[in-house]
There are 2 protein chains.
Amino acid sequence: MSIEEKQKPQRNDRVTIRTVATHAGVSVAAVSKVMRNAYGVSDALRARVTDAIEALAYRPSRAARGLRGRSFTIGVLLIDIRNPFLPEVIAGVNGVLAPSHYQAMIGVSDARVQLETSLIESMIDYKMDGLILVAPRLPSEILAKFAVQIPIVAVGYHDASATAFDTVNADDQRGAEIAVEALLACGYRDIEMLSLGERQGHAVSVVRQREIGFRRAMQRGGLGSSPAISKIPIASPKREEAMRKFLSRKDRPRAVFCWSDLDAITLLSLAMEMGVRVPEDLAVIGYDNSPTAALGLVNLASIDQSGRELGQVATRALISRIEGRTASEHIFQIPSLVSRNSLTRSGNSTDRQ
Amino acid sequence: MSIEEKQKPQRNDRVTIRTVATHAGVSVAAVSKVMRNAYGVSDALRARVTDAIEALAYRPSRAARGLRGRSFTIGVLLIDIRNPFLPEVIAGVNGVLAPSHYQAMIGVSDARVQLETSLIESMIDYKMDGLILVAPRLPSEILAKFAVQIPIVAVGYHDASATAFDTVNADDQRGAEIAVEALLACGYRDIEMLSLGERQGHAVSVVRQREIGFRRAMQRGGLGSSPAISKIPIASPKREEAMRKFLSRKDRPRAVFCWSDLDAITLLSLAMEMGVRVPEDLAVIGYDNSPTAALGLVNLASIDQSGRELGQVATRALISRIEGRTASEHIFQIPSLVSRNSLTRSGNSTDRQ
DNA sequence: GACGAGTTGTAGAACGTTCTCCATATAACG
DNA sequence: CGTTATATGGAGAACGTTCTACAACTCGTC
């Protein structure tokens with residue numbers, strides 16, 4: 001136990017695998033084996049090596065690891081850090097990763113395809129062990145091409161036919177159905193959906209899925225074969241303009257289902273401003289159950305897709321893929337309704353105003 | 001220009017620096033020089049090499065780079081991804097980095113010192129070129145120890161005496177002063193601050209700075225030598241409880257300055273619930289000017305510290321440090337007030353209720 | 001036309017791991 | 001006691017860059 005001084009006169013101060021090896025009196029390869037807990041290591045050897053690692057506070061260089069083998073890092077790609085739903089996903093990922101020896105590194109693509117591509121490439125170049133892409137913008141063929149080089153799990157990306165990578169989703173069709181069913185149960189018949197403007201999102205996007213679910217539930221409720229869906233632009237001046245126009249429409253519906261809380265909350269603000277009472281004049285139901293929706297001031301009913309669970313499930317799927325699974329998996333979570341005052345006065349909170 | 005086939009029979013399909021070199025008919029070292037635009041490269045050589053890089057769609061391996069030299073990556077450490085102020089900082093960082101050949105990788109520490117340490121170590125082990133720590137929890141001595149190994153810029157961390165690393169801050173003392181001055185200008189005299197519970201944050205934290213500024217402005221305004229500061233716990237059941245107690249206090253002040261929008265917004269919700277009118281019974285001013293504060297439903301006056309600018313400034317500082325600066329810099333931004341209805345009816349939005 | 005000063009390109013040793021053999025020691029079995 | 005399996009440890013070649021030293025070549029300049 002003489003942890004006196006390094007025996008060989010090393011002038012470099014970094015503790016490498018070699019330092020550990022000489023300190024423990026074993027070979028470099030042995031230390032490597034212990035760390036990766038590979039086959040063919042006796043308990044005695046393992047003990048000696050772990051003691052040395054402890055004593056020297058040795059940390060393997062991630063860069064060097066990546067050059068040859070595993071880097072024990074997984075990359076997470078976020079489309080947008082502003083959406084309050086995404087932090088939940090991260091929390092889920094970190095939760096699963098914490099007890100393992102993996103770590104997450106996050107990149108933010110800001111919804112730009114260019115940046116998204118280059119971040120994915122960077123993560124590959126870092127020899128990361130796997131990727132979790134949250135609501136990626138890239139088409140499925142491109143993702144499949146990347147998936148050849150690195151295990152990929154896509155979250156919030158509906159392509160159940162993908163064979164090269166896994167997907168993890170809340171069932172967005174079902175979520176929209178639940179919203180419509182809730183509105184119907186409150187007695188509303190004149191229902192419209194506020195969806196996302198044309199150019200955003202291809203067929204695989206969550207928005208389109210919610211539209212499909214909306215249509216199906218409306219038809220099933222006997223409310224016409226082509227229920228009304230309004231498209232709201234995403235950029236800021238036009239967005240509010242479109243909502244104001246909607247609110248002041250003569251034939252404004254009695255209830256509205258918004259594709260996302262972000263839109264629903266802005267709608268609530270504008271409604272208050274324009275004297276449209278919620279829910280007396282207009283019932284509103286959002287999607288995501290973001291923390292803001294839960295505020296007493298806002299009190300927005302919303303569909304809850306547990307971001308945390310999505311993150312957890314995606315991480316487990318990724319790890320199993322890293323460890324050898326090749327058949328693709330496509331996992332669905334079932335979302336649920338959180339009722340609040342914007343749906344009906346008997347929501348679950350006290351009255352406003 | 002015969003980009004026919006690879007000349008040598010390489011069975012490995014990865015394009016490495018060697019592939020580029022043979023394709024361009026030059027040495028490996030030459031290619032490396034061109035990429036790092038190092039000294040001693042003729043225009044002719046540079047052209048040949050860049051052509052080859054283009055033709056082969058070559059991307060240098062980040063892992064290999066990190067092993068020997070620069071990795072052209074900077075690490076960003078976030079204390080908490082839920083705080084809506086942080087995404088702005090990221091946006092600022094990415095904005096500055098986009099045109100350069102650097103890229104950002106983000107880690108989330110969830111305010112756990114343990115995780116914060118291990119993430120910093122990981123980033124060092126990746127041989128990242130520099131670190132931006134946003135509101136780190138670790139004490140200054142520890143940061144200084146890390147700063148020996150890697151350039152560090154701390155954002156939202158008040159330690160102007162640090163010599164080993166840089167700091168970039170909004171002037172939180174001044175921000176609190178501005179808040180108090182605004183309340184005074186509206187004629188309020190009975191002012192209290194809602195701050196963060198005891199155990200959170202050491203002397204260098206932004207919260208303590210805001211307390212200092214609050215006290216100074218109150219004294220300057222002739223409102224006693226030890227103005228009232230209430231501490232609100234951070235965890236959820238106790239937090240609301242403390243706020244309710246505050247709101248129902250007999251000697252409740254006429255105006256309140258909250259250390260953060262997160263607290264101010266919850267306070268507004270509870271006030272509405274308990275029938276305390278804002279601003280007639282209680283004026284409220286927050287800190288951060290988060291997107292939620294700007295909502296018509298919330299309409300919270302707040303101190304704006306441009307997170308985006310903080311991110312930009314921090315990134316520039318980091319790059320200059322990476323490129324050789326050794327003297328430490330401590331940069332201050334001046335925050336500003338955004339007036340809204342929670343401060344006075346003449347805020348800037350339409351009336352509520 | 002020899003000599004230094006610059007300029008441009010190259011060879012080859014790091015960097016710190018992993019991982020594929022290979023050598024040895026021990027156990028198992030007839 | 002030989003033969004064969006099995007378990008354990010080690011040597012040394014990758015991995016894909018950077019970077020130091022140095023060679024070769026081109027100019028002036030004396």
Side-chain angles (χ1 to χ4, degrees), chain A residues 10-49 52-53 56 58-73 101 121-122 124-129 149 322, chain B residues 10-49 52-53 56 58-73 101 121-122 124-129 149 322:
Chain A
Q10 315 213 44
R11 63 204 176 104
N12 198 341
D13 51 351
R14 168 139 182 120
V15 176
T16 82
I17 198 174
R18 222 169 305 272
T19 326
V20 176
T22 55
H23 182 102
V26 298
S27 76
V28 169
V31 178
S32 175
K33 273 186 176 177
V34 169
M35 288 196 311
R36 298 171 289 135
N37 45 12
Y39 173 84
V41 182
S42 70
D43 288 354
L45 180 75
R46 177 182 309 282
R48 272 235 300 275
V49 170
I53 287 176
L56 298 168
Y58 164 68
R59 302 188 321 252
S61 154
R62 241 130 165 138
R65 275 190 149 169
L67 192 54
R68 202 66 177 66
R70 292 276 171 82
S71 67
F72 293 101
T73 305
H101 41 278
E121 288 177 343
S122 270
I124 293 174
D125 296 344
Y126 260 118
K127 278 265 178 67
M128 291 191 174
D129 297 335
Q149 308 177 57
I322 290 173
Chain B
Q10 315 212 44
R11 64 205 176 102
N12 198 340
D13 50 352
R14 168 140 181 120
V15 176
T16 83
I17 199 174
R18 223 169 304 272
T19 326
V20 176
T22 55
H23 183 103
V26 298
S27 75
V28 169
V31 178
S32 175
K33 271 187 175 179
V34 168
M35 289 197 311
R36 296 171 288 135
N37 46 10
Y39 173 84
V41 182
S42 69
D43 288 354
L45 180 75
R46 178 183 308 282
R48 273 235 299 274
V49 170
I53 288 176
L56 297 168
Y58 164 68
R59 302 190 320 253
S61 153
R62 245 137 161 132
R65 276 190 149 168
L67 193 53
R68 203 64 178 67
R70 291 274 171 83
S71 67
F72 292 102
T73 306
H101 40 278
E121 288 176 343
S122 270
I124 292 175
D125 296 343
Y126 260 119
K127 278 266 178 67
M128 290 190 175
D129 297 334
Q149 308 177 57
I322 289 172

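Only a predicted model underlies this, so the values are computations on that prediction, with no experimental measurement involved. Order of the sequence lines sets the chain letters (A, B, ...), proteins ahead of strands, with each chain counted from 1.
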Do you see a donor-acceptor pair shorter than 3.5 Å between the side chains of A/R18 and A/T22?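 On atom types as modelled, these side chains do not qualify, holding no pair under 3.5 Å.
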Using only heavy-atom distances, determine whether the side chains of B/S61 and B/R65 contain a donor-acceptor pair under 3.5 Å.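 B/R65 and B/S61 do not have a side-chain donor-acceptor pair below 3.5 Å.
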Should [X] be listed as having a side-chain N or O under 4.0 Å from OP1 or OP2 of [N]?
| X | N | result |
| --- | --- | --- |
| B/Y39 | D/dT20 | no |
| A/S27 | D/dG10 | yes |
| A/R65 | C/dT18 | yes |
| A/R36 | C/dC19 | yes |
| A/S42 | D/dA7 | no |
| A/Y126 | D/dG16 | no |

Rounded to the nearest angstrom, tell me the gap between atom [atom1] in [X] and atom [atom2] in [N].
| X | N | atom1 | atom2 | answer |
| --- | --- | --- | --- | --- |
| B/N37 | C/dT8 | CG | C1' | 16 Å |
| A/I17 | D/dG12 | CD1 | P | 16 Å |
| B/R14 | D/dC15 | CZ | P | 12 Å |
| A/D43 | D/dA7 | CG | P | 14 Å |
| A/R70 | D/dC15 | CZ | P | 18 Å |

Close side-chain approach of A/N37 and A/V41, heavy atoms under 4.5 Å: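 SC-SC contact between A/N37 and A/V41 ruled out.
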